[in-house]
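Take a look at the structure below.
Every heavy atom of this structure was used, including side-chain atoms; hydrogens, water molecules and symmetry mates were not.
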Amino acid sequence: VQLQASGGGLVQPGGSLRLSCVASGVMFRIRVMGWYRQAPGRLRELVATMTSDGSTNYRDSGEGRFTISRDNAKNTVYLQMNSLVPEDTAVYYCYAYTVRSFWGQGTLVTVSS
């Protein structure tokens, strides 16, 4: 499975971004898709995931500001991020799980004035 993420960039505090990730080369049902992030000097952490039946899991700091959605037919996952703060600055990695885990290359989100 190859994961291609897009949608990162520079945004001012309080702004919004929408990340997208498309999976290709899928041989098995993608059970979980989602997003992790890694800020400089920090460990990679969960942002949000969604199962193929729509169950979601959010990191506390993002719940209410971030919304994950998924188009199973297109093997695509989205992350709508609102009310962004500088602490959201990180490389955001797309994640998928079929019979094992797969990671995308990451897309940089910078929240700064």
Y97 side chain reached by T49 side chain, heavy atoms, under 4.5 Å: no
Geometric cation-pi criterion, R100 with F102: 6.0 Å, 45°: yes
ILVMFWY cluster, Y58 and V47 together (side-chain gap under 4.5 Å): yes
Inter-residue atom distance C94.SG - L19.CG, 0.5 Å rounding: 9.5 Å
pair N72-M33: side-chain heavy atoms closer than 4.5 Å: no
Fellow cluster residues of V85, listed by chain then number, with links counted only when side-chain atoms sit under 4.5 Å apart: none
Pairs involving residues 30-51, ordered by first then second residue, that meet ring-ring contact (aromatic ring centres under 6.0 Å, His included) (sequence neighbours left out): Y36-Y95, Y36-W103
Within one Ile-Leu-Val-Met-Phe-Trp-Tyr cluster: L46 and V91, side-chain cutoff 4.5 Å: yes
Heavy-atom side-chain contact between R59 and E45 under 4.5 Å: yes
Remaining members of the apolar cluster that contains V99, side-chain heavy atoms under 4.5 Å: M27, F28
Gap between atom CZ of R18 and atom OG of S6 - 0.5 Å precision: 9.5 Å
Partners meeting side-chain hydrogen bond (donor to acceptor under 3.5 Å, both in side chains) with T51 (sequence neighbours left out): D53
Validation row: R70, S52 side chains within 4.5 angstrom (heavy atoms): yes
Please report, to 0.1 Å, the donor-acceptor pairs under 3.5 Å made by any side chain of residues 75-83, with sequence neighbours excluded.
residue: T76; atom: OG1; partner: K74; partner atom: O; Å: 2.9
residue: Q80; atom: NE2; partner: N82; partner atom: OD1; Å: 2.9
residue: N82; atom: OD1; partner: S16; partner atom: OG; Å: 2.9

Nearest atoms (heavy-atom pairs only) where G8 meets V109: CA-CG2, 4.1 Å
Expected output: side-chain N57 to main-chain A48 donor-acceptor under 3.5 Å: no
Nearest heavy-atom neighbours spanning P13 and S112: CD-C, 3.6 Å
Lys/Arg cation over aromatic Y93: R37, 6.0 Å, 45° cone: no
Derivation of the side-chain contact (heavy atoms from CB on, under 4.5 Å) call for F66 and L84: CA-CA 9 Å; F66 295 176; L84 286 162; 3.8 Å; yes
Residue pairs, two or more places apart or on separate chains, that pass ring-ring contact (aromatic ring centres under 6.0 Å, His included) and touch residues 3-24: none
Partner of Y92 by side-chain contact (heavy atoms from CB on, under 4.5 Å), out of T107, L108, L17: T107
